[in-house]
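So the structure is just underneath, and the comments pick up after that.
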2 protein chains.
Amino acid sequence: MLGSCGSCGQCLHCEARSRSICSVIDPDHVARLAQYSHRLAVSPGKTFIQEGEAASDFFIVTSGHAKLFSLMPDGRRQIMGFAQAGDFLGLASGATYAFSAEALGSLSLCRFSRAGLALLRREFPDLENRLMEEASRELVQAQKSMMLLGRKTARERLASFLLEQHQRSPTREIVIHLPMSRTGIADYLGLTIETVSRTLNALQREKLIAISQVTQITLLNLPALEILARGG
Amino acid sequence: MLGSCGSCGQCLHCEARSRSICSVIDPDHVARLAQYSHRLAVSPGKTFIQEGEAASDFFIVTSGHAKLFSLMPDGRRQIMGFAQAGDFLGLASGATYAFSAEALGSLSLCRFSRAGLALLRREFPDLENRLMEEASRELVQAQKSMMLLGRKTARERLASFLLEQHQRSPTREIVIHLPMSRTGIADYLGLTIETVSRTLNALQREKLIAISQVTQITLLNLPALEILARGG
DNA sequence: CGTTGTGTTGACAACAGTCAAACATGGTGG
DNA sequence: CCACCATGTTTGACTGTTGTCAACACAACG
């Protein structure tokens, strides 16, 4: 019997396993992780990372979704990304966190102290590679977002967003379920909720998508969406 | 006598030293770097990294400036950042480069093969830390850009840009010299050249800055610029 | 001196934002 | 079970910031 991972109690069998830390740790030593980490449940809507506070911990999402965002003094909000099972939280931090994080629905995390993680990195070189690989992946994703926010139209942003959600879903079905509200989509894409709503409905009228429920969208024409998303 | 670094011939005495790779390598072993790297001069305007090509190399800027950008099929351009002495190029890459890079003026680089860098990382754990630290720094910077592109007005973007240039200059003088053209600024801030020109002149009329030459701007009122840049 | 590239300025257009109202949705308690 | 309310979403009318197109200024350079 495989049993559960020493660190998060579920890494060895949950969907997140293949991308989590456990996957690069020699099974004989997985128990070592438990010394530096513990599980954490976050209730819906709770902010569990506050921008600007000392970055003492590092997290791995084991189930649920979170939004990572930053606020301007007058309340304008930019969402940097959404994290789901297997994602790392806290790579983009110096001495303090560079973003806030809030649970979308209920959320389970695996928390590592940064000091503990530093020790583990020395002990397991594969872990080091895994973190670096993840940092590169996030950097590439951030650059895609910069192109989206700086140069794409509202239609192109929505098409890009829907395809991104599609690609991140475990099943890759053409029906996607959105864990965030219209406000979440707007703050991620640098738009207003009205523009998000109008644009989604325009895409529906053009038969590129079908909005069955507010948070459930069917991608009816993937090739057309892909052309739209990359801008021609 | 200190002499020059085995890898780039100048890391040990150039301005970039403190942030370069050499600074974390035991001086006795610095010559090992030379086995995996060599110097490279790039002429002005030359594209030396092509988005989408196999990411076989990793670079460190030793002098000059480069712009990192991505293009859409119809020619829309987003500049992800400007690199100067000491900056790393190529962290944001999977199998292929996620961006193109072009020299602004003449540029000197130190090139490492990725395979060689992988060997060096195993050999020098401090190098591993240095790369991770740099990846975090870039990630934080990318998130600031996302806020800028998604939520800031043209005035706020220009103020943010000028302060960023100010903070990156080695001298921290209030007179800053821009290595890029108006097109470069526009493509970095997600604006058009006309808006950049109009907005800079508006800031000048309001006595926040003075434009002595096209590429030379004096920051006359740092506190006001900071308030503007963060949005109130 | 023309010529070319780059930057500035003006008139106008358009995409997305703002404000407001109507409309769903979902939960709660009578 | 349904009325009620709170929250979130859609739709409409209008505004405004930024983009587009075009003319012009200016410097660098042969």
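So that the names make sense, note that chain A is the first sequence line, chain B the second, and so on, each numbered from 1.
- For the pair Arg111(B) and Phe59(B), the cation-pi test (distance below 6.0 Å, angle within 45°) is failed.
- Between Leu158(B) atom CG and dT17(D) atom P the separation is 16 Å, expressed in whole Å.
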Tabulate protein N/O versus nucleotide N/O from nucleotides 6-8 of chain C, keeping only pairs under 3.5 Å, one per line.
| from | atom 1 | to | atom 2 | distance (Å) |
| --- | --- | --- | --- | --- |
| dG7(C) | OP1 | Arg182(B) | N | 3.2 |
| dT8(C) | OP2 | Arg182(B) | NE | 3.0 |
| dT8(C) | OP2 | Ser197(B) | OG | 3.0 |
| dT8(C) | O5' | Ser197(B) | OG | 3.2 |

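- Taking the charged nitrogens against the carboxylate oxygens, Asp74(A) and Arg151(B) have no contact shorter than 4.0 Å, which rules out a salt bridge.
- Leu189(A) has its CG atom 18 Å from the P atom of dC15(C), to the nearest Å.
- Here the C1' atom of nucleotide dT10(D) and the CZ atom of Arg205(A) are 11 Å apart, to the nearest Å.
- dT9(D) atom C1' lies 14 Å from atom CG of Leu178(A), rounded to whole Å.
- For the pair Arg155(A) and Glu206(A), the salt-bridge criterion is met [side-chain N within less than 4.0 Å of a carboxylate O].
- Look at Glu133(A) and Arg137(A) and you find no salt bridge, because none of the NZ, NE, NH1 or NH2 atoms lies under 4.0 Å from a carboxylate O.
- In this structure, CD of Gln213(A) is placed 12 Å from P of dT10(D), rounded to the nearest angstrom.
- As rounded to whole Å, 18 Å separates atom C1' of dT17(D) from atom NZ of Lys152(B).
- Within the nucleic acid shown, Gly184(B) has no heavy atom closer than 4.0 Å to any nucleic acid atom.
- Summarising the geometry, the separation between CD on Gln216(A) and P on dT25(C) is reported as 13 Å, rounded to the nearest angstrom.
- Cation-pi geometry between Arg114(B) and Phe58(B) is not met: the NZ or CZ atom fails to fall both under 6.0 Å from the ring centre and inside 45° of the normal.
- Each salt bridge (charged side-chain N to carboxylate O under 4.0 Å, His left out) pair with one or both residues in residues 59-72 of chain A, not counting sequence neighbours, appears once here: Lys67(A)-Glu102(A).
- To the nearest 0.5 Å, the span separating CG on Leu200(A) from OG1 on Thr195(A) amounts to 10.5 Å.
- Proximity of Thr195(A) to the phosphate of dA16(C): no side-chain N or O atom is located under 4.0 Å from OP1 or OP2.
- Atom CZ in Arg76(A) sits about 15 Å away from atom C1' in dA16(C), given to the nearest Å.
- Separating the CD1 atom in Ile193(B) from the CZ atom in Arg182(B) is a distance of 10.0 Å, to the nearest 0.5 Å.
- Within the helix from dC1(C)-dG30(D) to dG30(C)-dC1(D), the inter-axis angle between the opening and closing five-pair segments is 30°, rounded to 10°.
- Contact check, Thr192(B) against dT18(D): no side-chain N or O comes under 4.0 Å of OP1 or OP2.
- For the pair Glu164(B) and Arg157(B), the salt-bridge criterion is not met [side-chain N within less than 4.0 Å of a carboxylate O].
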